[in-house]
There are 2 protein chains.
Amino acid sequence: MTRARAAVLSALEASAEPLSASRVVGKLEGVCDQATVYRALHYLEEARLAESFVLYCSQHGVERYYASSKAAHRHWFHCESCHRFVDLGACRLGGLIADVEKEMGLRVSRHTLYLSGICADCAAHADCSAHAVKAAP
Amino acid sequence: MTRARAAVLSALEASAEPLSASRVVGKLEGVCDQATVYRALHYLEEARLAESFVLYCSQHGVERYYASSKAAHRHWFHCESCHRFVDLGACRLGGLIADVEKEMGLRVSRHTLYLSGICADCAAHADCSAHAVKAAP
DNA sequence: GGTATATTTGCAAATGATTCGCAAATTGCC
DNA sequence: GGCAATTTGCGAATCATTTGCAAATATACC
């Protein structure tokens with residue numbers, strides 16, 4: 001494991017939510033180059049040390065988000081108001097996927113699931129004011 | 001509904017699988033411009049006449065795929081060998097999403113799920129030859 | 001039906017995330 | 001510690017998608 005890859009992995013591990021490639025690049029400003037971050041993310045995913053999914057968000061557009069694979073495979077909720085992720089805990093799709101594999105004769109090797117909407121915090125604020133506030137920068 | 005939007009919608013309705021924006025642009029070559037196709041796709045999604053999701057595929061990279069909303073909300077399997085989609089039928093996540101909403105106090109307004117792996121056809125070919133053949137162009 | 005106003009379209013260029021080529025630096029191995 | 005293999009930095013390229021603006025089309029109104 002090279003220094004750059006270790007730095008990228010620990011950035012992912014230190015985060016409570018998935019990070020976009022560009023945020024990792026930002027966090028590693030001065031540590032390693034943007035191209036290196038992208039290459040390291042590919043390497044980590046290949047090595048099963050990280051997982052990723054592509055998400056569109058009105059604030060950030062289409063970006064790929066990465067999370068360390070230290071914990072069990074899990075899914076996330078994305079708040080459309082504050083643009084943060086909420087951890088939904090370990091994946092609960094095992095049964096559904098096994099059913100689909102059997103029904104349709106497929107071999108499922110990976111899956112992407114995420115939910116989006118309004119998180120509890122933003123919903124609470126919306127109860128008092130007309131609209132949820134925009135996320136802080 | 002303008003002519004361009006109708007053309008884009010009928011391209012989606014005529015397709016058995018979700019189409020990437022660029023494939024819609026290709027199908028409507030000479031009918032309307034690429035920028036118009038993108039704008040029409042946004043319009044159709046806003047108007048709830050179409051649904052979309054962003055998918056990464058080794059052959060096509062990151063692209064947004066669109067499907068007409070004529071049928072019930074559904075999910076797809078993406079074959080990593082032939083790069084086609086398999087229709088998995090109507091969404092079965094209702095219960096899971098309701099559980100998560102209750103448990104975590106979230107308001108889920110949309111979700112993205114897709115599975116990927118090897119489809120039945122490609123798996124059958126792989127049984128005879130060493131590797132599944134690449135998709136025809 | 002004919003015209004004024006609002007919306008949509010085409011075109012070409014911009015944008016933003018991601019990737020690539022290549023020379024220099026780092027790593028893993030003996 | 002020295003060398004071949006791999007990785008990194010830098011800058012430029014790529015690709016999907018978006019945008020500005022003038023022309024064309026749609027919709028509202030008379």
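Computation of the quantities below employed the complete heavy-atom set of this structure, encompassing side-chain atoms and omitting hydrogens, waters and symmetry-equivalent molecules. All chains are named by letter (A, B, ...) in the order of the sequence lines, taking the proteins before the strands, and each is independently numbered beginning at 1.
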Rounded to the nearest angstrom, tell me the gap between atom [atom1] in [X] and atom [atom2] in [N].
{"X": "B:Arg3", "N": "D:dT25", "atom1": "CZ", "atom2": "P", "result": "7 Å"}
{"X": "B:Tyr66", "N": "D:dA16", "atom1": "OH", "atom2": "P", "result": "14 Å"}
{"X": "B:Asp33", "N": "D:dA23", "atom1": "CG", "atom2": "C1'", "result": "13 Å"}
{"X": "A:Arg39", "N": "D:dT6", "atom1": "CZ", "atom2": "C1'", "result": "11 Å"}
{"X": "B:Tyr56", "N": "D:dC15", "atom1": "OH", "atom2": "C1'", "result": "13 Å"}
{"X": "A:Gln34", "N": "D:dA13", "atom1": "CD", "atom2": "C1'", "result": "13 Å"}
{"X": "A:Leu28", "N": "D:dT8", "atom1": "CG", "atom2": "C1'", "result": "14 Å"}
{"X": "B:His42", "N": "D:dT17", "atom1": "NE2", "atom2": "P", "result": "8 Å"}

**Request:** Would you tell me whether A:Glu80 and A:Ser58 have side-chain atoms, one donor and one acceptor, within less than 3.5 Å of each other?
**Result:**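 No pair is found: no donor N or O on one side chain lies under 3.5 Å from an acceptor on the other.
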**Asked** Side chains of A:His73 and A:His111: do they bring a donor and an acceptor to under 3.5 Å?
**Response**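 Yes, a side-chain donor-acceptor pair sits under 3.5 Å.
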**Message:** Both B:Ser22 and B:Thr2 contact DNA chain D. Which one's nearest nucleotide lies toward the 5' end?
**Reply:**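 Mapping each residue to its closest nucleotide by heavy atoms, the 5'-most match is B:Ser22.
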**Request:** Map A:Ala4 and A:Val62 onto DNA chain D by nearest heavy atom, then report which one ends up closer to the 5' terminus.
**Result:** A:Ala4
**Item:** Option from B:Leu19, B:Leu12, B:Val24, B:Val37 for which side-chain contact (heavy atoms from CB on, under 4.5 Å) with B:Tyr66 holds
**Value:** B:Leu12
**Prompt:** Mind checking whether B:His83 and B:His60 have parallel, tilted or perpendicular rings, split at 30° and 60°?
**Reply:**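 The rings of B:His83 and B:His60 stand perpendicular, inter-plane angle above 60°.
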**Request:** Assert yes or no for the condition that the ring centre distance of A:Tyr114 to A:His78 is strictly below 6.0 Å.
**Result:**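 Between A:His78 and A:Tyr114, which both carry aromatic rings, the centre distance is not below 6.0 Å.
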**Prompt:** The side chain of A:Arg5 lies closest to which of these nucleotides: D:dC10, D:dT17, D:dT7?
**Reply:** D:dT7
**Request:** Give a yes/no verdict on a cation-pi contact between B:Arg64 and B:Phe53, requiring under 6.0 Å between NZ or CZ and the six-membered ring centre and an angle within 45° of the axis.
**Result:** no
**Item:** Atom pair CG (B:Leu28) and OG1 (B:Thr36), whose distance is rounded to the nearest 0.5 Å
**Value:** 10.0 Å
**Item:** Residue-phosphate contact under 4.0 Å: B:Tyr38 side-chain N/O, D:dT18 OP1/OP2
**Value:** no
**Asked** What heavy-atom pair brings B:Ala120 and A:Leu106 nearest, and what distance separates the two atoms?
**Response** N-CD2, 4.0 Å
**Axis bend over the full length of the helix from C:dG1-D:dC30 to C:dC30-D:dG1, computed from five pairs that close each end, to 10 degrees** = 50°
**Request:** Verify the neighbour count for atom CZ of A:Arg92: are there more than 12 heavy atoms of other residues, nucleotides or ligands below 6.0 Å?
**Result:**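 Yes, because the 6.0 Å sphere around CZ of A:Arg92 holds more than 12 heavy atoms from other groups.
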**Message:** Between B:Val31 and A:Ser20, which residue's closest nucleotide on DNA chain C lies nearer the 5′ terminus?
**Reply:** B:Val31
**Request:** Under 4.0 Å from any heavy atom of chain A: name the first and the last nucleotide of DNA chain C that qualifies, 5' to 3'.
**Result:** C:dA17 to C:dG28
**Message:** Considering every strand and a 4.0 Å limit on heavy-atom distances, what is the contact class for A:Ala40: base, sugar-phosphate, or nothing?
**Reply:**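 The answer is nothing, as A:Ala40 stays clear of every strand by at least 4.0 Å.
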